[in-house]
Every structure is written in C-alpha cells, then in structure tokens.
Amino acid sequence: MSHVFAFALLLSATFCPFAMAQDSSPQGQAQWLLERLTGVKWPADSTQVNQVAQKISAGDKAGAADIALSQPQFLNVTVKQFALQMSTREENLQVPFNDFTAAFMGVTRDNTDARELLYGNFYYKADPAKVTLNAMDLGNDILMSNRHYQELAGRRDVDVGASLIRVEGQMLVAAQGDQGVITSMVPNPDPAGVLTSRAFLAAHATAGTNRRLVEYTFREFECIKMPEWSDTSAPDVRIGRDISRAPGGDPTKFQTSCKGCHTQMDGFRGAFARWDYNGSANDGFPGYAGVTQRVDSGVDTDPTTGSKVVRKMNRPNFIEYAGGFVTKDDSWINNARGTANAMRFGWSGDSTGKGVNSFGRLIANSNRFPQCMAKRVWASVCKYDLPADQADAMFVSLGLNWATSGYKFKDLFKAVATHAKCRQQ
Amino acid sequence: MKIPTISRKWKSISVIIVGMFGLSTLSFNCAPSLFQAASYNLSSTGLGIFSLDNIQSKYSLLSAEQSYQTMLNVTGQNLTGTAAQQTEYNQRFNSLGATNNLANLTGSLMLGSTSVAGEVCNGLVAKEKALAADARRFFRGINFTVRPSDNNLAAFLSAVDVLAVSAWGRNINAEEQVLFSQYFEEFKANLKTTNNAQQTDNLCITACSAVLSSFDALVY
C-alpha cells in the first residue's frame, strides 16, 4: 500500500481545500448540514442530500435539519463523540464507549431534559430485546467493568443509539466476597446522572482527593477551567488539612494563589465525600477497571474522625495544617458567589447542600450550564470560534432559548446547525 | 491481495512528496487556517463569558470513527463493514484521528487511513465486480475480466471521477486528471509478469484508496 499512500499524499499536495469556495447552492448547503450533524460525509447524489436540499429550497431549514437528525449517525457519531470527549480525563475521542456516553445518547434520542444528566437516577444500557451481548450482567459487566459498553460499541451490526434502553434507578456494588465476587448490590442513595456514572468516577475519583471531580464537573458542564473561577477573596474555612497555608514558608503565596482555587474546590468537594473508585488494570484498560464505592455501602470509614467519608478526604497521614477543615459528612458550600463568579455562573437555588445529587442540581440549574452546552454544540457542529465580541451574546442567546424550550439536545443541535453564522462563508 | 512491489523510484517520490505535502499544507497554501485550528479550548476568560479560542478554519479533521464511517458511507457499503474491514479499522484505530483538530493530521494518520481505505475499497471492488457493468455505481466502464492494459484510460478516469464526487463532493480537476493518468500508465508499465485480470482489481483498489485517504477526504 506504500505507493498508494504516496499517491494519496501527492493528491493532497496538489490542492488545498481551504482555498475552495463554500458551495451556497441548496445542494451545497444540504451536504454541509448533513455532514455537520451526522459527522460523516455523504455522496453528493445521495437520497439524503437530495431530501435535505429540497427542504432548504423550500425555505424549511428546520425540516432539513430534522432529516439529518433522524440519521443513525447523528447519535452514533456526533452525539457519541460529543459525550466521549467529556467522559474522561484525556478529553479525546480515543476512549472506549462507556455509561457516561450512553446516557448522553439516550437522553438526546428520547428528547428528555438534559439537566437530568446531572442529577437523574437512571442509566442507559443495551436493550436485551434488541441486542444480545455476552456482557449483560449488571454487577460484573456494568458496575465492575466497562465490558458491557465496549462489547456493544464493538458490535458493528448494531445501531447503538437505537438499541439503548433507559433503566430507572442507579445501582451500586455493596459487598464483594473472595476474588472480588459481588455478594450484594444496593440502590444508589445519592444518584446524580453522569456525575455518578462509572466512567466519570473512574476518571476523576480514582486516587487523588476528590477535588478533581469538582474541577472536571465545572470544566465539562460549565466550560471553565479551575484558575479562571478562582477567587482569593472567598473564605478559606473549608480548605482541607492537606493544603499548606505557607507553601515554601511563604503564607502570602497561599493567600494570593493557592487559596483562590482551593476555596472553590474544597467548598464543593464535600459533595463527593462518600465516593471512591477502586481501580485496577484487569480488563486491558488501565485505570478503568474497578468499582465505584460509597462509604455507606462498604468502604472503610475515616479512622481519624470515625465519620463515613472516604479517607482521602482528610488524609490523616498528610496533614500540612492541623487547623484545616475536617470533612465529616457530604455537605458542600458554594464559595463561587463573589461578584464575578455570581455573574459568570448565574446561580439559582441553595448555596449549600449535601451529596452529589444536590451539587448536580446546582450546576444544571445555573445560567451557565445551557450556555456551556451551546458552546460545546457550536464547537461540535460549526467547528470554529466566534470572535470574542460575538461569542458571549451568541451562547447566552442560544442557551436561553434552549432552556426556555426545555433543554432538549436535538433542539440545540438544530438551532446551532441552522444558525446563519454557523457555516463560515 | 497482491500489490505490485514498491520500486526505488516510488520510494524516492514518496520522500519528496512528504516534503511537498508538508510545505504545501503547513506553510504555503493553507497556513493561516491550519495554525488557527490549533485546538478547541472550551474555557473562558475572566472578562467575557466565553473567550475567543482562535479557531477560524472552515474545515476539521475527521476522527477515527468518522473516517471509517465516511469511507463506508460514500462508497455505498453497509455501515457495519465486513469482518476484514472491521479488523483493519481496529488495528489502525490508534493512528487515526483522536480529535477533530486539523493540527493532528500527520503522516502516520494518513498512512493508517490508507490502510483502512484499502480494505474499504477491497470491499467496494468485490461488491461492484459482482454486478453487471451498467448496474455499477463507480466502475461502470471497467472490465474486471481482463488485465489493466486491456482497460482504457477514459473508463479508469471516469471511475475516479465518480469516486471523487462521492468522497470529495466535486469532480477531479485537470491536475488530478493528469496525476491519475500517469498513475494508470505507470501501474501498467510496472506490472511485467503479473499482468493478469487480478491486477485490474488492484488498479481500482489502489486508485479508490488514494481518493479515500487523500487530504480532501479526511477533512470536512
């Protein structure tokens, strides 16, 4: 194949696609719309392109988008990739299909409120009436490993998006016997949609101090990196004992730097105080095998406090400042309420809570969540960034309309793809 | 499938072409778009709600799954793929696009794409060979029962053009027509003793692979 490769390179070197003018004919618009919503290219003479072109010619852009949204590739490629990038720490597309991604695809297909992704008590799996898999066991193949989802994604004869079924009630492994055999499972007492999915916890609750769970919740669902919402004027009473108040002997550094992020992360991380992920590398996917656990369903309590929180919350062997906050329950406080952050996030609801479910509700009901989803969908479909002076207004507007219409992902994809500015001229 | 052995001439051409490709896509022809498409940064600044992330390109790189699904889709094959196609895709998965970032379009990605395209085109040729000539979509004028030298250039270019319309959304231009014409002649000239009907399959597979794994087919 080497000479074919060379020939392909030669073809590539002879022209530059960026120099090509955008085809603004109905046919050209149709092809672009189909490609951007389904994530794959289509033959110019295909039935789908012609159908979409007819709708565009008739001035029915929404109808044209509906045809694209009804193609199986919309869920199986576009939405799948949209969610895969958010599901793990790597934030790329070369991660296995997982429960987090299945939930996004299911919620999109079923046209349900996307906010439930952050606090709902459900998960999606393959419908046994539609597809038969070897890895169908709830305990071993869904809670203890990712085998169920990987086998489903590997089944090329299956339309994954169409084969998913919503299951009410998240479950947890409560006890394991010899060789890790599951001896009991219990309903998840603190369900929070994808925040308590195996993929998200495997990515962010493994090792560490559970601060990463807060950091990545904001990164993925509020589209903001930690340093950008740090606030050194916020109170430090919630900052843990493992954070030095004078790093390198300099208390000023803590006050002017460390404190800004830790006041936010440590304020919220109590929500995850009962969660841990016991990962191992036994299914060929390092760091992704293992089980999510809660202290009230089997994990040891903190011996130094006797409280039902995971030990890493208080790190008894790593105390930098004895007067720091000791986590004893899963309460959290929102310290991102300073002037800038209050405007940025647009909070509604309580500024304190207990557990991941209430934390997820806070995020889902913030003004910024729909704006962030609008920005992500824009990146997924339009593939370019608006100038800064247009971006704020665009995402606020798209987010507001999306929220008003009920947080349905199909509506958002449609609104973005048919927006006059989405396709660059 | 036996592919003609790569000649020293082709090896030399490959090296030159890699350089040409690098220069033409990274500096002369496409520089502004390519470098502006450095990354998707979904963060925000402290001033505006959402920042300018400097992505101005009209085009994005197809990810691994997008590339594979696109190859099957534009050639009108079953989206599930054959066992051989799936195996090839799985083996090349890690060299294909991990993001939609154009800056990740590398030589290894194009090489991996060529391998996957080869298997997809193998499936296409097998499918079309089984059809009567006038029932085919791509290789209407190709006679698969005779050697390449008994097929004519016009039929070959016509097949390439149909492939281009499907994969690139446009007809081949004059420059590409010259390149494919040269390829047709060189393919025939290099065959020597293996000049049989099987080589007509290979000619079509390689031309199809070149179209499906070229730059224009890997972006959208």
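Labels below follow one simple rule: chain letters A, B, ... track the order of the sequence lines, proteins then strands, and each chain is numbered from 1.
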Per-residue contact mode, A:Thr38 against chain B (heavy atom under 4.5 angstrom): neither
Side-chain (A:Lys41) to main-chain (B:Val219) donor-acceptor, under 3.5 angstrom: yes
Best-contacting candidate, B:Leu96, B:Asn94, B:Thr99, B:Leu72, against chain A by heavy atom pairs under 4.5 angstrom: B:Asn94
For chain B, the option from A:Gln94, A:Met394, A:Gln81, A:Gln31 that forms the most heavy-atom pairs under 4.5 Å: A:Gln94
Neighbours of chain A found in residues 77-89 of chain B - heavy atoms under 4.5 Å: B:Leu79, B:Thr80, B:Gln86, B:Tyr89
side-chain hydrogen bond (donor to acceptor under 3.5 Å, both in side chains) between A:Lys383 and B:Asn100, worked out: CA-CA 9 Å; A:Lys383 306 287 186 190; B:Asn100 289 134; 2.9 Å; yes
Residue, of A:Glu90, A:Lys80, A:Glu91, A:Arg155, that accumulates the most heavy atom pairs under 4.5 Å with chain B: A:Lys80
Inter-residue atom distance B:Tyr220.OH - A:Leu34.CG, 0.5 Å rounding: 12.5 Å
Steps toward side-chain contact (heavy atoms from CB on, under 4.5 Å) verdict (A:Gln73, B:Asn73): CA-CA 10 Å; A:Gln73 292 95 338; B:Asn73 202 34; 4.1 Å; yes
Rounded distance [0.5 Å steps], CG in A:Asn92 versus CG in B:Asn104: 9.5 Å
Choice from B:Ile172, B:Thr75, B:Val74 maximising heavy atom contacts with chain A below 4.5 Å: B:Val74
Option that, when pairs with chain B are counted at under 4.5 Å, heavy atom only, ranks first among A:Gln390, A:Gln27, A:Arg156: A:Arg156
Whether B:Gln66 side chain and A:Val40 backbone form a donor-acceptor pair below 3.5 Å: no
Non-hydrogen atoms of A:Gly39 and B:Thr70 that approach each other most closely: O-OG1, 4.5 Å
Spacing of CG belonging to A:Asp45 relative to OG belonging to B:Ser166, to within rounding of 0.5 Å: 5.5 Å
Contacts of type ring-ring contact (aromatic ring centres under 6.0 Å, His included), residue A:Trp42, not counting sequence neighbours: none
Interatomic spacing from OG1 in A:Thr78 to CD in B:Glu65 - rounded to 0.5 Å: 10.0 Å
